[in-house]
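Take a look at the structure set out below.
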Amino acid sequence: MAPKSVWFYEAKVAFGFSALLPAALLPLYGVYLWLLTWRTGKTPTSAAIGGDLELILPLVAALTVAHLMTVEREERFALLRASYPEHPLRLPLLRTLGGLGLALLWFGLAVACAWSGVGAVDPLALLAPACAPALVLLGAALATGNLTGSYWAAAGLVLVWWLGEVISRGTFSQWLFLFAHRWPPDGVDYTSNRWLLAAFGVALLLLNGGICMWRQAMRHYGD
């Protein structure tokens, strides 16, 4: 395929209904902020909004990319694509870039929704807490979708992980707790927690590429 058609195809894959539906949480949160400010007469602080977005943005980012590594198998043309002379890392690289692009879009939308709800906001204070957790859940969604070929498996893992962290509040994950800004675990350094999560997220993205290389090696071995 020509470069233009490749990016057009990848854009069509990324911006489907399964991507747009979870993103509706962000405008709803903007409405919630507006109603809260209107009813109480008090504007939530950037730290408070950042704590909310630490919960919301990673979930939205992960659910909106859960389909990216499953499209070819769910549409039953994975074998056809496998017959193309392309590097095994090409697909995960394109889908990772697409997933990160979607996440950046939702981060920008979150700032716009918060601004519409409470007025001028500090984007860094709002978004910084959500970056590392979003990278972890995004990487987990891509790797799980790649391994299983199922959107529901990828989305289900994300939901179970997210819900488990909300309920346990770091009791089990400790240094890898996703929501340490909102609920700081005892004895866990926040900065170290963020760096560990970022490294874990990058490792999951690399695992996604490794799965593709392993699958191609097994295919060649079978031939």
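Note that the structure is a prediction, hence the values are computed from the model and not measured.
In this structure the side chain of F177 never reaches within 4.5 angstrom of the side chain of V188, judged on heavy atoms. Inter-residue side-chain proximity for V118 and P44 is flagged as met; some heavy-atom pair is nearer than 4.5 Å. Using a 4.5 Å heavy-atom threshold, the side chains of L57 and L26 count as touching. Counting only heavy atoms from C-beta outward, the side chains of L176 and N193 never approach each other to under 4.5 Å.
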Go through the steps for L138 and V158 under the test side chain to side chain contact (heavy atoms under 4.5 Å, CB included), then give the verdict.
-> CA-CA 8 Å; L138 186 148; V158 167; over 6 Å; no

Run the side chain to side chain contact (heavy atoms under 4.5 Å, CB included) check on L205 and L135 step by step: do they pass?
-> CA-CA 9 Å; L205 294 178; L135 188 62; 3.8 Å; yes

Side chain to side chain contact (heavy atoms under 4.5 Å, CB included) between L68 and T96, intermediate numbers included | CA-CA 9 Å; L68 292 183; T96 298; over 6 Å; no

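Applying the salt bridge (charged side-chain N to carboxylate O under 4.0 Å, His left out) test to residues at least two apart or on different chains, none of the pairs has a partner in residues 108-119. Sorted by first and then second residue, the salt bridge (charged side-chain N to carboxylate O under 4.0 Å, His left out) pairs involving residues 44-59 (not counting sequence neighbours) are D52-R182, E54-R194.
One hydrophobic cluster, built from ILVMFWY side chains closer than 4.5 Å, cannot hold both W34 and L109; they sit in different ones. L63 and V160 sit in two unconnected hydrophobic clusters of ILVMFWY residues. Membership requires side-chain heavy atoms under 4.5 Å apart, directly or through other members. In the hydrophobic cluster analysis, where Ile, Leu, Val, Met, Phe, Trp and Tyr join through side-chain heavy atoms closer than 4.5 angstrom, L28 is grouped apart from W38. The cluster map of Ile, Leu, Val, Met, Phe, Trp and Tyr, joined by side-chain heavy atoms under 4.5 Å apart, puts L206 and V65 in the same cluster. Both I167 and W161 are part of a single hydrophobic cluster, where members link through side-chain heavy atoms under 4.5 Å apart.
Between A143 and I211, the closest heavy-atom pair is O-CD1, 3.6 Å. Between S150 and A153 the shortest heavy-atom distance is OG-N, 3.1 Å. Pairing each heavy atom of D186 with each of Q174, the nearest pair is O-OE1, 4.0 Å. Closest of all the heavy-atom pairs between P129 and P133 is O-CD, 3.3 Å. Across every non-hydrogen atom of A141 and A154, the tightest pair is O-CB, 3.5 Å. Of all non-hydrogen atoms in F107 and A134, the two that sit nearest each other are CZ-CB, 4.1 Å.
Put simply, OG on S46 and CG on L124 are 10.0 Å apart, with the number rounded to the nearest 0.5 Å. Taken from CG in L197 to OG in S173, the straight-line distance is 8.5 Å, to the nearest 0.5 Å. Rounding to the nearest 0.5 angstrom, the gap separating the CG atom in L127 from the CH2 atom in W106 is 14.5 Å. The line from CD of E165 to CG of L59 is 12.5 Å long, rounded to the nearest 0.5 Å. Atoms CG and SG, on L53 and C113 in that order, are 9.5 Å from each other to the nearest 0.5 Å.
Without hydrogens or angle criteria, N208 side chain to N146 main chain gives no donor-acceptor distance under 3.5 Å. The backbone N or O of A61 lies less than 3.5 Å from a partner atom in the side chain of T64, making a donor-acceptor pair.
Other residues, nucleotides and ligands contribute only 12 or fewer heavy atoms inside 6.0 Å of the CH2 atom of W195. Within 6.0 Å of atom CH2 in W183, more than 12 heavy atoms from other residues, nucleotides or ligands are found, so the atom counts as buried in its surroundings. Atom OH of Y32 sits in a sparse spot, with 12 or fewer heavy atoms from other residues, nucleotides or ligands closer than 6.0 Å.
Evaluated for a side-chain contact (heavy atoms from CB on, under 4.5 Å) with V60, the options L21, L25, L55 yield exactly one hit, L25.
Partners of S192 by side-chain hydrogen bond (donor to acceptor under 3.5 Å, both in side chains), not counting sequence neighbours, listed by chain and number: D189.
In this pair, W162 and F179 present their aromatic rings perpendicular. The plane angle is above 60°, beyond the 30 to 60° band.
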